[in-house]
Amino acid sequence: MIRDARVLRAGFVPREVEHRDAEVNHLSSVLEPITNGEPADTAIVTGPSGAGKTCISQFVTERLREEVLDVEATYVNCWRNYTRFRTLYQILDDLGATIDIHRQSTPHDELVDRLQQHDGPRTVVILDEVDQLEDPSVIYDLHSLPQFAIICIANKEEELFSRVDDRLVSRLRSSEHVRMDKYHDEQLYDILSARAKWGLDEDVIIDDQLYRIADAAAGDARLAIGILRTAAGKADRENHERITDDILLDAAEDARAQIKQKSLDSLTPHQRVVYDVVREHGPVGPSEIHERYSEDVDDPRTKRTIRTYLSKMEQYNLLEAEGTSRDREYSLVDSAAASPMQ
DNA sequence: TTTCCACCGGAACTTTAGGTAA
DNA sequence: TTACCTAAAGTTCCGGTGGAAA
């Protein structure tokens, strides 16, 4: 049933990108100077989740590396590498320059120095989910190094700009912006159809089912491909010749649950207790959350720390807050209710 | 309209934990 | 072993905001 599982994986970069010609050309033109050995401008790629931001950034970078011999590329997910240290470390690690760097005893400045001294080929640095950085000054660090071309990927440019200081805002505003919208259902259908063509045997899934996945994913290509992957995997395990409607229904729920579980796995034990309090008692106010949380753990953190946890979980789209002041209440985000499979 | 107070989040400070070097 | 260094996590303090009550 599954002809090529790679095609259905989340991080797969296709040979051809569907419906993003303008954005691909725009980003390619920003990186163009690199082909002549000159420094390139910083690019900012913005758009909603699943709009193909990471995909086109990697696609353009890959294509550049095919054209030019002396170009390196490195990818950093700033959600997982959210501190300045981890981001810089990840880049140095990709360049093979971290042998004698240690997490606790190497100062930040030494990592920047190390990057400055990097005398290898010009390097494209893709900073994905850059709005998740705790300390965005790392963008400034990289911006000042001409041998690195930076692609900053974020959901909303306002959120990115609101978190950086003035000197960086003025620099980023003069950067090239590539703005991307959600995919339409027809476009999502084309993407799914191409993935199904290369990844699955013939007649495993019918057009109507692909349209329903596109509809349920509501413009999010990552979710759409996730549903297709989950459905194909389940049908394969259960020895079906084709994907049935029941399998598709389950896959839509599973794909959403997997995305949520990924966020839950990144929580610390204390954060998890806070999440569970909201899950069991929400909608619930901050005072009650702290009260119940304090009953459930041996060494409770302060209210201020809990506020930081809550705000982090809001960013992860695990919780949502209503009200602005004394009427503030937190509850779980019900992602499944957003766009159920028909 | 004023006052009270829960809540938010920035800034500065402290504690913790892991690593180095003598 | 110990003194010292650093990043990360947590705490304290405090000004701003906005809903509720006087």
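A note on names: the letters A, B, ... follow the listed sequences, proteins ahead of strands, and every chain is numbered from 1.
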Checklist entry - Rounding to a whole Å, what distance do you find between A:E329:CD and B:dC8:P? => result 11 Å

Next on the checklist: Rounded to whole Å, please give me the gap between CZ in A:F85 and P in C:dT6.
Outcome noted: 12 Å

Item to check | Proximity to the side chain of A:T305 - top-ranked nucleotide from C:dA8, B:dA6, C:dG10 | outcome: C:dG10

Next on the checklist: Does a side-chain N or O of A:S325 approach OP1 or OP2 of C:dG19 to a distance below 4.0 Å, or not?
Outcome noted: no

Checklist entry - Can you tell me how far P of B:dT14 sits from CZ of A:R304, to the nearest Å? => result 18 Å

Next on the checklist: For a quick check under 3.5 Å, do A:Y189 and A:D207 share a side-chain donor-acceptor pair by atom type?
Outcome noted: yes

Checklist entry - Judged by atom type as modelled, is there a donor-acceptor pair below 3.5 Å linking the side chain of A:D4 to the main-chain atoms of A:R6? => result yes

Item to check | Atom-to-atom span, CD of A:Q271 to C1' of C:dG10 - whole angstrom | outcome: 12 Å

Item to check | Separation of atom NZ in A:K303 from atom C1' in B:dC5, rounded to whole Å | outcome: 11 Å

Next on the checklist: Within 45 degrees of the ring normal and closer than 6.0 Å to the centroid, is that where the cationic atom of A:R20 sits relative to A:F59?
Outcome noted: no

Next on the checklist: Over all strands shown, is A:T324 touching base, sugar-phosphate only, or nothing at heavy-atom distances under 4.0 angstrom?
Outcome noted: sugar-phosphate

Next on the checklist: Looking at C:dA8, I'd like to know if its phosphate oxygens (OP1 or OP2) sit under 4.0 Å from a side-chain N or O belonging to A:Y82.
Outcome noted: no

Checklist entry - To the nearest angstrom, how far is A:L310 atom CG from B:dC7 atom C1'? => result 11 Å

Item to check | Phosphate-side-chain proximity, A:S287 and B:dA6, N/O vs OP1/OP2 below 4.0 Å | outcome: no

Checklist entry - Looking at B:dC8, C:dT17, C:dT11, which one has an atom nearest to any side-chain atom of A:R328? => result B:dC8

Item to check | Within one Ile-Leu-Val-Met-Phe-Trp-Tyr cluster: A:I139 and A:Y75, side-chain cutoff 4.5 Å | outcome: no

Checklist entry - Taking it one step at a time, do A:R179 and A:E23 satisfy salt bridge (charged side-chain N to carboxylate O under 4.0 Å, His left out)? => result CA-CA 8 Å; A:R179 296 182 177 86; A:E23 290 84 357; over 6 Å; no

Next on the checklist: Using OP1 and OP2 only, check whether a side-chain N or O of A:Y330 sits under 4.0 Å from B:dC8.
Outcome noted: yes

Checklist entry - With a non-hydrogen cut-off below 4.0 angstrom, is A:R307 in contact with a base, only sugar-phosphate, or nothing? => result base

Checklist entry - Does A:H108 put a side-chain nitrogen or oxygen below 4.0 Å from OP1 or OP2 of C:dT6? => result no

Next on the checklist: Distance check needed: C:dT11 P versus A:H270 NE2, whole Å only.
Outcome noted: 9 Å

Item to check | Sugar-phosphate, base or nothing in reach of A:T308, heavy atoms under 4.0 Å | outcome: nothing

Item to check | Euclidean distance, atom CZ of residue A:R326 to atom C1' of B:dT3 [Å, nearest integer] | outcome: 11 Å

